[in-house]
**Q** 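I am attaching a structure below and will ask some questions about it afterwards.
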Amino acid sequence: MAAPPAPATEGSPQPEPHVREPGPGSARRGREDSRASRLSFCTKVCYGIGGVPNQIASSATAFYLQLFLLDIAQIPAAQVSLVLFGGKVSGAAADPVAGFFINRSQRTGSGRLMPWVLGCTPFIALAYFFLWFLPPFTSLRGLWYTTFYCLFQGLATFFQVPYTALTMLLTPCPRERDSATAYRMTVEMAGTLMGATVHGLIVSGAHKHHRCEATVTPGPVTISPNAAHLYYIAAAVVAVTYPVCSSLLCLGVKERPDPSTPASGPGLSFLAGLGLTTRHPPYLKLVISFLFISAAVQVEQSYLVLFCTHASQLHDHVQGLVLTVLVSAVLSTPLWEWVLQRFGKKTSAFGISAMVPFAILLAAVPTAPVAYVVAFVSGVSIAVSLLLPWSMLPDVVDDFQLQHHHGPGLETIFYSSYVFFTKLSGACALGISTLSLEFSGYKAGACKQAEEVVVTLKVLIGAVPTGMILAGLCILMVGSTPKTPRQDASSRLSLRR
């Protein structure tokens with residue numbers, strides 16, 4: 001038996017309590033930690049599938065809701081502005097509320113975030129279906145669609161905030177989180193492509209241009225019941241994706257305890273955490289820049305179909321242009337992930353500016369060849385504009401954790417407040433732009449619009465997104481950007497503390 005160590009005498013050097021020379025055992029443990037931090041292909045795909053329903057629904061509403069409200073429900077443009085603004089504001093207001101309740105929720109057997117995703121699923125599906133339902137009354141249709149759009153946006157927020165915050169709890173490895181984000185964006189866009197294709201093909205019969213050819217008067221055209229039924233079918237198809245994809249997410253993804261914070265302790269209150277995060281300079285710069293960029297993308301999506309229908313002779317190419325945007329976005333997402341890893345996230349942001357000259361070109365020369373080129377380039381720019389903030393946000397959270405030492409739950413504060421600000425900017429942009437249609441004399445359901453409406457649509461499809469994108473990129477390029485933390489021992493120790 002080995003003799004016990006002699007007690008240290010006064011004045012003798014004391015050993016460092018937690019310093020250990022690196023050896024084969026520590027190297028082996030490091031390799032095991034690295035392997036444990038890796039995510040399987042199945043996990044990444046299932047994680048991406050979980051976000052598909054919200055993206056399908058968001059794409060359908062972005063491209064077709066405004067057209068549905070104006071030409072099928074035949075609501076005045078001023079009321080449509082209130083519907084869009086009210087729904088977006090409701091979704092934005094739900095973000096801090098969702099962050100507050102999720103931050104205070106206890107961890108269950110399936111995790112802390114997963115129960116929120118599963119619990120919201122059936123209610124979102126119902127709200128989405130009734131959003132496209134044509135009620136028998138006409139006087140209160142504006143109130144009907146405002147109510148269900150607000151419900152849908154609020155419930156979608158309670159679904160999306162925990163789902164996106166789940167990125168931080170998949171693995172402590174930043175490179176694996178970036179990879180999971182790339183898988184998520186690719187799968188979401190592929191699902192969005194399929195959903196938008198199905199939705200567009202189903203409702204295309206409701207917007208045939210020949211319905212106006214037999215009309216002598218310039219007044220509104222009577223909508224047949226078949227047009228409303230087509231929207232019912234499309235809404236039901238999209239609504240079914242919520243329970244299907246949520247089930248796959250639950251089966252394929254395991255939520256891990258947050259490795260960057262202690263497993264116990266009260267953590268930081270939501271209001272105190274919100275105050276700290278909004279004063280963190282890298283986070284503030286990220287939010288402000290993408291306020292403009294995300295609003296520009298939403299305006300471009302919302303008015304593409306209206307522009308093709310009423311401001312150009314491209315009404316027969318609407319479905320093809322929407323598919324071109326989505327296909328190019330899907331195909332370019334893996335390329336942008338490679339660019340992010342090879343050249344850095346700040347350099348990749350310049351890809352968003354590719355939309356600027358082509359958007360102006362479409363407004364000036366609205367022909368079919370130009371429109372398809374613009375749609376392709378817009379899809380490429382939209383891909384990087386969606387991928388970049390979700391790749392930079394985990395780095396911002398890590399940068400904050402290296403400077404502050406607080407309890408668990410901060411990831412929901414970061415993600416919920418980011419979505420809050422971006423939705424609020426989209427609400428203001430869409431609300432103001434739709435009001436401009438009302439002021440220019442837009443007639444709901446009319447076959448031919450006034451020349452002032454055509455000019456307004458050209459400004460909304462060209463000049464408005466251009467100004468917003470340039471403003472956002474200028475803000476993003478000012479100053480330094482948080483870099484991905486290195487996976488050395490000191491960085492891991494700092495994150496765990």
Side-chain angles (χ1 to χ4, degrees), residues 49-73 75 80 82-95 98 116-135 141-164 187-204 206 227-250 298 301-302 305 322 326 419 423 426-427 430:
I49 289 174
V52 166
N54 254 1
Q55 297 304 315
I56 293 177
S58 298
S59 178
T61 54
F63 284 112
Y64 292 100
L65 181 60
Q66 200 170 28
L67 186 66
F68 169 77
L69 296 176
L70 289 170
D71 289 355
I72 303 299
I75 300 175
V80 174
L82 292 177
V83 172
L84 298 177
F85 180 78
K88 292 289 186 179
V89 168
S90 297
D95 280 295
W116 289 92
V117 175
L118 298 177
C120 293
T121 296
F123 302 103
I124 304 176
L126 289 174
Y128 180 83
F129 176 79
F130 285 110
L131 176 62
W132 302 92
F133 184 80
L134 192 66
R141 282 183 182 175
L143 180 61
W144 171 278
Y145 292 113
T146 301
T147 300
F148 281 102
Y149 195 41
C150 290
L151 282 175
F152 169 72
Q153 289 287 347
L155 291 169
T157 296
F158 274 85
F159 181 98
Q160 190 71 11
V161 168
Y163 170 72
T164 52
V187 175
E188 283 182 351
M189 288 183 181
T192 302
L193 172 61
M194 292 184 292
T197 302
V198 173
H199 182 95
L201 290 175
I202 293 174
V203 305
S204 60
H229 293 158
L230 293 176
Y231 273 94
Y232 299 162
I233 296 172
V237 171
V238 175
V240 168
T241 62
Y242 274 98
V244 173
C245 295
S246 296
S247 300
L248 292 175
L249 173 68
C250 183
Q298 291 181 61
Q301 287 179 323
S302 297
V305 177
V322 171
L326 297 176
V419 180
K423 283 185 178 179
L430 291 178

**Q** List the atom of Leu249, the atom of Val117, and the distance in Å for their closest heavy-atom pair.
**A** CD2-CG1, 3.9 Å
**Q** Hey, could you give me the CG/CG distance between Leu82 and Leu143, rounded to the nearest 0.5 Å?
**A** 11.0 Å
**Q** Short question: side chain of Ser59, backbone of Gln55 - any donor-acceptor pair under 3.5 Å?
**A** no
**Q** Quick one: pull up OG in Ser247 and OH in Tyr242 and give me the separation to the nearest 0.5 Å.
**A** 14.0 Å
**Q** With rounding to the nearest 0.5 angstrom, report the CG to CG distance, Leu430 to Leu65.
**A** 10.0 Å
**Q** Got a sec, which residues hit ring-ring contact (aromatic ring centres under 6.0 Å, His included) with Tyr149, two or more places apart in sequence or on another chain?
**A** none
**Q** Closest approach of Gly50 and Phe159, non-hydrogen atoms and distance?
**A** O-CZ, 3.4 Å
**Q** Considering only heavy atoms from C-beta outward, does the side chain of Gln153 approach that of Phe148 to under 4.5 Å?
**A** no
**Q** So, taking the atom named OG in Ser58 and the one named CD in Gln298, what distance separates them when rounded to the nearest 0.5 Å?
**A** 9.0 Å
**Q** Show every donor-acceptor pair shorter than 3.5 Å between a side-chain atom in residues 125-135 and any protein atom, with sequence neighbours excluded, or say none if there are none.
**A**
from, atom 1, to, atom 2, distance (Å)
Tyr128, OH, Trp132, NE1, 3.3

**Q** Looking only at non-hydrogen atoms, find the nearest pair between Lys88 and Ala427 and report the distance.
**A** CB-CB, 3.0 Å
**Q** Might you point out which heavy atoms bring Leu230 and Val203 nearest each other, and give the distance in Å?
**A** O-CG1, 4.0 Å
**Q** What distance do Thr146 atom OG1 and Phe85 atom CZ have between them, rounded to the nearest 0.5 Å?
**A** 12.0 Å
**Q** With sequence neighbours excluded, what pairs up with Gln66 under the side-chain hydrogen bond (donor to acceptor under 3.5 Å, both in side chains) test?
**A** Tyr303, Thr434
**Q** Search all heavy atoms of Pro162 against all heavy atoms of Trp116 and return the closest pair with its distance.
**A** CG-CB, 3.8 Å
**Q** Can you give me the closest heavy-atom contact between Gly86 and Cys150, atom names plus distance?
**A** O-SG, 3.4 Å
**Q** Could you tell me which residues satisfy side-chain hydrogen bond (donor to acceptor under 3.5 Å, both in side chains) with Tyr163, sequence neighbours excluded, listed by chain and number?
**A** none
**Q** Please name all residues satisfying side-chain hydrogen bond (donor to acceptor under 3.5 Å, both in side chains) with Thr157, sequence neighbours left out, ordered by chain then number.
**A** Lys423
**Q** CD1 of Ile72 to CG of Leu69: how many Å apart, nearest 0.5 Å?
**A** 10.0 Å
**Q** Could you tell me whether the side chain of Ile202 reaches within less than 4.5 Å of the side chain of Tyr231, counting heavy atoms only?
**A** no
**Q** Could I get the full list of side-chain hydrogen bond (donor to acceptor under 3.5 Å, both in side chains) partners for Ser246, not counting sequence neighbours?
**A** Thr121
**Q** Taking the side chain as everything from C-beta on, heavy atoms only, tell me whether Ile56 gets closer than 4.5 Å to Val198.
**A** no
